[in-house]
Amino acid sequence: MNELYLKLNESQQEVVKSTEGPVLVLAGAGSGKTLSIVHRIAYLISEKMVSPWHILAVTFTNKAANEMKSRLEKSFKISTKSLWIGTFHSMCARILRIESQYLPFSSNFTIFDANDQDTIIKKIMKNLNISSKQFHPSKVKSAISFQKNNLISWQEYEQNYTDSFYTKILAKVYKAYQQYLVKNNGMDFDDLLFYVVNLFKKNSKVLEKYQNKFEYIMIDEYQDTNYAQYKIVYELGKKYKNVCVVGDDDQSIYGWRGADIYNILSFENDYQNAKVIPLVQNYRSTRLILKAANSVISNNRARHKKELWTKKHIGNRIKIVELDNENEEAMYVAQKIKEIICDNNVSLNDIAVLYRTNAQSRVFESEFLNANINYRVIGGINFYQRKEIKDVLAYLRILANPRDNESFLRIVNFPKRHLGNVSIGKLIDFANQKAVSLRKSLEYIEQCQDLSNNIKDKFQKFNDFLLSYEKKAEILPINELMNNLVDDLKLLSIYEQQELVSGETRADMVKELVASAEEFTSLYKDEFGKKPKLNEYLQQVSLITDIDRTDSSENSVSLMTMHNAKGLEFSYVFIVGAEDGLIPHKNSIEEKAQLEEERRLFYVSITRAKHDLYITYANCRRYYDYYNFNRASRFIDEIDPDTVEYTNKQFERTYQIAKKKINICKEHSANLLTNKEFQVGSKIIHKTFGKGTVLGITKNGAKAKLTIAFESGRIKKIIDSFVEKI
DNA sequence: GCAATGCCTCCTGAG
DNA sequence: GAGGCATTGC
């Protein structure tokens, strides 16, 4: 046996060697579960002589999958070409493309992301005359998503669940939405899972094929699987029953998107004679950090009771820091980061800032820019959801999938072709008459009677453009295709003007996309010996996330949500915005189950830290136009007091800088004042909001906008003509 | 009939 | 702080 196995502890070795029958690994945070899975796969292949072709491993991110692959290749010299490692979604997409003949889709179907879903649902609701004020589209979207994750089709929903006015409306939208997707040859993320389960149910031959293929199945992060995913695993494993799931009920943080903690809690019931292996030795964090984490999570009821332990040294106390507002918080963190890298000679890659909501990243971004600290934001506006990236991808999608009307509409008048809503509306009517896709309708545009010859010409030109690129797509590899496209459309010069928060332009983003396509081309060529074309590229690009894209070769601090931090570790971790209302989030305080999930999220965040942990909270936090005054998170009170030390507003230096900034702000506003009527500090009165004090003044064209603190406690921005001085 | 402008709203979390 | 939408401007 390879000596690499000897590095594992006893329980880990048991995970590796228990290859036959169902296995439940209860792996605590930092207990080396990824290591165990990698060794288990290696053991199956090198010792048990199982063909990689018979193994399926499901990970939470594509990045985790790639890391596993490269470890298998480097440490164990195992070729991973025929091994299936990936996320549930990528595995399902792969199956559905292979088996598309049994589906109402062709293999080049488009995957619609959350934004596409929004647009489609809004459009459908408009068509059905459903008020989007009364039924919020995003609520409708998540309701539909919830049904799919629980494997309820629109037909079934329509029949069995329409007992109220609301559910009847929902049934209508759900039906129209699914029909629209089929018409566009597209699926959303939930469909990927849903259609696989359905396929397995309806077509026993296909199911058997995959049951025979996957003799050994491993699922990571099992605590975050939803019903559809559970069902996929269950069906695939039915024949050989060699299903090994790894998870930690204390780290289940995706209940809100259908993940069911019950899946892991009831594994032993679902799989007869399952072997249960706990991994409770932590190799990541210092003793104090671990003790703090244990003390917090012990407040949860719904869990397998267990306590992590470590042989590591005791370490430093956790620093809990109170600050006045979010700006001061960002300055404090920036300052501390500078101290850490000076004193300890650590790399910025070893440092992470974790927050509950994406919106919190902004202050840190601008402060880090100021302080010259390299950073990268993970998540938030996903790279592939950026407007400029979606524009390019829409061109590619319409080439690959001509039935994709969504992408067509996105680009038909971008760059501007003098085709406005009226003309496009007429084209849509025309396509509907002909019962063809918008793309196809262009080919008959001559026959359309509603359009002037001038407009027809423009559509004709667009048609010619698409035709020429459809030809190119067949012969050119993706990097050349994309390069040509970006050049022809002059996208870079269009986007050069538009600057983003980070100081980069949209053109830079497009360049990055082009570069990533180049990289994809060369990697793909290495693996398969030929350059990838459009379809190969699109198949993977829809499922890439920000985490997958992170490149640790560039030295920078990571900024991300607590959710995104799952599975990662850093020497120095800052948990910021630790306030009641943020963590636990205000929407999750009332219900006990939700509160426990928030606690798990906090627990996950704490356990990311290896060396030092900072927890900060601000007394006052700006939210759009008003200010929130929050108390420190209740979870801070739950941390064992022996493991923490408090710093209360003693950060004089940053505090002074903050004060200076506020003064500059005041002067600045004063200078903008034109009518001299209002000044910072002026007392005013407003018809509906009552009395208040002017905090700031901004000019917008001829109008001056006043930021006013009303006596009611609300802070609002109001145009000066609506208030009177008192 | 298209394009530019200004206002409004959004922010829990993500594949 | 940016996209979506309605209104106005050309």
Side-chain angles (χ1 to χ4, degrees), chain A residues 58-62 86-93 111-115 117-119 122 126 132-133 136-138 142 145 148-149 187-193 221 224-226 228-229 253-259 354-363 365-366 378-382 384-388 390 413 416-426 451-452 454-455 458 498-502 506 542-548 560-566 577 581-589 594 597-598 600-601 604 621-625 628 700-701 703 705 717 719:
Chain A
V58 178
T59 56
F60 200 68
T61 63
N62 293 303
T87 62
F88 270 107
H89 289 92
S90 62
M91 167 185 85
C92 288
I111 298 174
F112 289 119
D113 69 19
N115 293 335
Q117 282 179 285
D118 283 334
T119 327
K122 271 184 208 157
K126 205 172 176 186
S132 60
K133 289 252 157 60
H136 211 280
S138 67
S142 55
S145 170
K148 291 192 200 174
N149 285 329
M187 296 189 203
D188 63 24
F189 288 119
D190 303 315
D191 283 335
L192 295 173
L193 308 172
E221 309 283 5
D224 281 324
T225 49
N226 60 35
Q229 292 165 330
I253 55 176
Y254 281 97
W256 51 273
R257 67 169 202 210
L354 309 182
Y355 37 77
R356 178 64 176 83
T357 67
N358 281 307
Q360 287 167 259
S361 75
R362 210 172 291 149
V363 213
E365 287 185 66
S366 61
I378 294 150
I381 303 169
N382 186 310
Y384 287 96
Q385 286 170 7
R386 308 196 72 94
K387 180 191 165 326
E388 59 277 17
K390 290 199 76 165
N413 196 33
K416 295 252 181 293
R417 295 187 175 89
H418 280 264
L419 295 166
N421 284 336
V422 177
S423 304
I424 295 167
K426 284 177 183 167
L451 291 166
S452 70
N454 178 30
I455 298 287
K458 288 179 172 128
Q498 304 183 22
E499 203 167 308
L500 303 162
V501 215
S502 53
R506 290 195 193 279
S542 318
L543 296 169
I544 297 178
T545 67
D546 264 23
I547 288 252
D548 301 332
M560 69 184 95
T561 62
M562 299 173 170
H563 282 92
N564 260 324
K566 174 174 153 148
L582 274 174
I583 175 80
H585 193 272
K586 59 180 185 322
N587 298 353
S588 307
I589 284 177
Q594 287 187 21
E597 182 155 307
E598 294 287 308
R600 289 194 293 270
L601 187 56
V604 166
R621 186 174 292 275
R622 196 188 164 120
Y623 223 65
Y624 295 120
D625 271 2
N628 267 345
N700 195 350
K703 293 174 196 163
K705 250 189 184 176
K717 275 187 190 161
I719 293 171

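Numbers restart at 1 for each chain; the letters A, B, ... are given by sequence-line order, proteins then strands.
The side chain of N358(A) places no N or O atom within less than 4.0 Å of a non-bridging phosphate oxygen (OP1 or OP2) of dT12(B). Close to dA14(B), at under 4.0 Å from its OP1 or OP2, lies a side-chain N or O of T561(A). At dG15(B), none of the side-chain N or O atoms of N62(A) fall inside 4.0 Å of OP1 or OP2 (strictly under the cut-off). Residue S423(A) places at least one side-chain N or O closer than 4.0 Å to OP1 or OP2 of dC2(B). Dashed line: the shortest gap from a side-chain N or O of R506(A) to OP1 or OP2 of dG3(C) is under 4.0 Å. One finds a side-chain N or O of K426(A) lying less than 4.0 angstrom from the OP1 or OP2 phosphate oxygen of dG1(B). Here H418(A) does not reach the OP1 or OP2 of dG1(B): none of its side-chain N or O atoms lies under 4.0 Å away.
Toward the 5' end of DNA chain B, the nearer of the two residues K416(A) and H563(A), judged by each one's closest nucleotide, is K416(A).
If you check dC11(B), dT12(B), dA14(B) against the side chain of N564(A), the one that comes closest is dA14(B).
In this structure, the ring of W256(A) has its center less than 6.0 angstrom from the ring center of H563(A).
Within 4.0 Å of T61(A), counting heavy atoms only, lies no atom of the nucleic acid at all. Contacts of K390(A) with the nucleic acid, taken as non-hydrogen atoms under 4.0 Å apart, are absent. F60(A) comes within 4.0 angstrom of no nucleic acid atom, judged by non-hydrogen atoms across all strands.
At a cut-off of 3.5 angstrom, counting only N and O atoms as typed in the model, there is a donor on one side and an acceptor on the other between the side-chain of D190(A) and the base of dG15(B).
In this structure, N587(A) atom CG and dC11(B) atom P are separated by 12 Å, rounded to whole Å. Rounded to a whole Å, the CE atom of M91(A) is 13 Å from the C1' atom of dG15(B). Protein atom CD of Q229(A) is 16 Å distant from nucleotide atom P of dA14(B), rounded to whole Å. The interatomic distance linking I378(A) (CD1) with dG13(B) (P) rounds to 15 Å, in whole Å. Taking atom CG on N413(A) and atom P on dC2(B), their separation rounds to 8 Å, with Å as the unit. One interatomic measurement links the two molecules: CG of N149(A) to C1' of dG15(B), which rounds to 10 Å at whole-angstrom precision. Taking atom CG on N421(A) and atom P on dC2(B), their separation rounds to 8 Å, with Å as the unit. Atoms CD (E388(A)) and P (dG3(C)) sit 8 Å apart, rounded to a whole Å.
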Point to revise | Test log, rule side-chain contact (heavy atoms from CB on, under 4.5 Å), inputs V363(A) and R622(A) | key: CA-CA 11 Å; V363(A) 213; R622(A) 196 188 164 120; over 6 Å; no

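Taking the six-membered ring for Trp and thresholds of 30 and 60 degrees, Y254(A) and F60(A) have ring planes inclined between 30 and 60 degrees apart.
Residues T87(A) and H89(A) bring no donor and acceptor atom of their side chains to less than 3.5 Å of each other.
A donor-acceptor contact shorter than 3.5 Å links the side chain of T119(A) to the backbone of N115(A).
H418(A) approaches I455(A) most closely through the heavy-atom pair O-CD1, 4.1 Å.
Residue ring and base: W256(A) counts as stacked with dG13(B) (centre distance below 5.5 Å, interplanar angle below 30°).
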